[in-house]
Amino acid sequence: MRVLVIGGTGFLGHHVVAELASRGHAVSVLSRTPSPDPGRLTGDVDRLTEDEWAELLDGHQGVVFATGADDRSTPRRPAAAHFHAHNVAPVRRLLAAARRVGVERAVLHGSYFTAFHRRRPELRLAARHPYIRSRVAQAAQARAAAGPELPVAVLEIPFVFGATPGRRPLVAPLVPWLRSRAPLAAPPGGTAVTTVGTVARATADALESGSGADLPIADDNLTWRQLLVELAAAAGRPTPPAVLRLPPAALGAALRAVGVVHQLTGREGGLAPQHLAALLTRELFLEPTGDGDLAAALRETVRASLEGASAKSPTLKSATLKRAPGAGSSAARD
């Protein structure tokens with residue numbers, strides 16, 4: 001099968017390309033920068049018209065969309081327009097073109113927040129958070145554009161650990177503290193976690209099976225405290241760290257302060273600060289589906305963080321766990 005991977009040079013896309021190639025598939029990669037590599041196509045995802053997508057997709061049987069705007073983005077208001085422009089509109093044009101030229105199957109890299117949107121409607125996640133709203137709309141509009149003959153699988157991806165050449169992990173700023181003897185702090189709640197390898201294998205499996213399902217991906221579920229302890233062990237800390245309990249009220253106050261800064265600067269986060277503490281202090285757990293080696297992925301994450309770290313050491317005495325999306329946040333993937 002010939003597959004076009006959009007975001008194939010990104011955090012997750014790099015591993016998807018390698019996995020597909022290892023299974024004998026012919027892989028093309030879309031890049032904004034021209035390249036002499038015959039497998040590298042050139043185009044700007046946000047600007048390509050449906051006709052231009054059709055030209056790029058002609059001759060491909062599969063397509064993977066592994067890019068977009070992630071939940072850390074704080075664009076100018078209104079944020080909804082930014083996330084729609086980067087997560088929804090390109091995918092709608094892409095899948096409409098794919099349908100025209102006979103692409104047989106597609107996979108989108110999405111966010112695990114859409115799984116909780118379905119399971120916990122009382123949380124009103126799409127109504128409260130522009131990023132989550134864009135992911136819900138992305139899946140719906142992609143499938144509408146693709147039609148019934150082109151199945152579109154949506155991988156719902158949580159925090160992802162592992163390493164990609166040339167990419168500095170999102171947890172890199174925490175690593176010096178994790179390696180020190182400084183106390184850490186974490187709120188209640190926790191998250192599903194996965195590895196780059198699991199995401200790559202799930203992507204290839206979905207393509208090969210022609211799945212059109214929503215596919216939550218996870219290797220394990222960890223409380224925030226457990227995640228810090230595991231990261232500290234991966235960082236080589238000789239003894240388990242003291243992890244202080246960060247009260248939800250304190251986390252909420254800090255996030256509301258961030259919201260005030262956004263308002264004063266005319267910006268808006270993909271995840272609304274005033275509602276974020278209530279979300280992050282829940283157990284955002286999924287049924288494990290993968291077989292990834294999480295301990296090894298954590299070590300790879302730390303190693304990549306140290307390789308890209310500045311020689312100047314931080315001077316803070318403690319650190320609080322901050323959310324760093326795994327694909328879920330996709331620009332973190334590209």
Side-chain angles (χ1 to χ4, degrees), residues 1-8 10-30 45 57 60-68 87-88 90-92 94-99 101-118 135-136 138-160 162 164 192-219 286-292 297 326-330 332-334:
M1 178 167 46
R2 188 179 179 200
V3 182
L4 174 61
V5 179
I6 300 151
F11 175 53
L12 293 180
H14 169 86
H15 297 275
V16 170
V17 169
E19 179 68 22
L20 289 170
S22 74
R23 299 188 186 198
H25 299 292
V27 184
S28 305
V29 173
L30 183 68
V45 171
L57 286 164
H60 292 84
Q61 292 75 50
V63 61
V64 177
F65 189 86
T67 187
N87 291 343
V88 183
V91 170
R92 184 178 61 236
L94 166 69
L95 270 299
R99 179 183 183 181
V101 300
V103 173
E104 300 169 2
R105 52 200 69 184
V107 176
L108 303 182
H109 280 187
S111 166
Y112 76 153
F113 285 133
T114 56
F116 299 111
H117 165 77
R118 289 194 307 277
R135 288 300 191 181
V136 172
Q138 181 187 63
Q141 294 198 28
R143 286 167 172 154
E149 296 181 359
L150 171 52
V152 179
V154 178
L155 267 59
E156 296 175 318
I157 303 172
F159 282 63
V160 183
T164 296
V193 292
T194 191
T195 67
V196 290
T198 291
V199 174
R201 289 187 292 275
T203 302
D205 289 345
L207 275 176
E208 291 177 342
S209 67
S211 173
D214 296 314
L215 302 172
I217 304 300
D219 283 302
L286 300 171
E287 181 179 352
T289 58
D291 58 356
S329 348
S330 39
R333 304 187 280 268
D334 183 27

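Bear in mind the structure is a predicted one, so any value in this text is a computation, not a measurement. Start at 1 with the first residue, then count along the sequence.
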Steps toward side-chain contact (heavy atoms from CB on, under 4.5 Å) verdict (Ile157, His109): CA-CA 7 Å; Ile157 303 172; His109 280 187; 3.8 Å; yes
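- Pairing each heavy atom of Phe11 with each of Thr164, the nearest pair is O-OG1, 2.7 Å.
- To the nearest 0.5 Å, the span separating OG1 on Thr203 from CG on Leu12 amounts to 7.5 Å.
- Counting only distance, with no hydrogens or angles, the side chain of Arg105 and the backbone of Gly62 share no donor-acceptor pair below 3.5 Å.
- Pairs passing the side chain to side chain donor-acceptor pair (under 3.5 Å) check and including a residue from residues 146-158, sequence neighbours excluded, read Thr114-Glu156, Arg118-Glu156.
- In this structure, the side chain to side chain contact (heavy atoms under 4.5 Å, CB included) partners of Asp205, at least two apart in sequence or on a different chain, are Arg23, Glu208.
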Steps toward side-chain contact (heavy atoms from CB on, under 4.5 Å) verdict (Phe113, Val136): CA-CA 9 Å; Phe113 285 133; Val136 172; over 6 Å; no
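- Put simply, NE2 on His25 and CE on Met1 are 4.5 Å apart, with the number rounded to the nearest 0.5 Å.
- Considering every non-hydrogen atom in both Val91 and Ala142, the closest pair reads CG1-CB, 3.4 Å.
- For Arg143 (side chain) and Val152 (main-chain N/O), a donor-acceptor pair under 3.5 Å exists by modelled atom type.
- The minimum heavy-atom distance between Ala192 and Ala218, with the atom names listed, is CB-CB, 4.1 Å.
- Take Ser211 and apply the side-chain hydrogen bond (donor to acceptor under 3.5 Å, both in side chains) test, not counting sequence neighbours, and it matches no residue.
- Atoms CG and CG, from Leu155 and Asp214 in turn, are 10.0 Å apart once rounded to the nearest 0.5 Å.
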Audit row: Leu57, Leu94, side-chain contact (heavy atoms from CB on, under 4.5 Å) steps and yes/no: CA-CA 9 Å; Leu57 286 164; Leu94 166 69; 3.7 Å; yes
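- Rounded to the nearest 0.5 Å, atoms OG1 (Thr289) and CG (Leu215) are 8.5 Å apart.
- Note that OG1 of Thr195 and CG of Asp291 are 8.0 Å apart. Values are rounded to the nearest 0.5 Å.
- Nearest heavy atom pair, residue Ala106 against residue Leu150, reads N-CD1, 4.1 Å.
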Derivation of the side-chain contact (heavy atoms from CB on, under 4.5 Å) call for Asp219 and Val193: CA-CA 6 Å; Asp219 283 302; Val193 292; 5.5 Å; no
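- Panel note: side chain Asn87, backbone Gln138; no donor-acceptor pair is recorded below 3.5 Å.
- Scanning both residues, Val27 and Ala21, for their nearest heavy atoms gives CG2-N, 4.0 Å.
- At least one side-chain heavy atom of Val45 sits less than 4.5 Å from a side-chain heavy atom of Phe65.
- Judged by distance alone, the side chain of Ser28 and the main-chain N or O of Leu4 form no donor-acceptor pair under 3.5 Å.
- Residues Leu207 and Val63 approach most closely at CD2-O, 4.0 Å, considering heavy atoms.
- Here the straight-line distance linking atom NE2 of His60 with atom CZ of Arg2 works out to 3.5 Å at 0.5 Å rounding.
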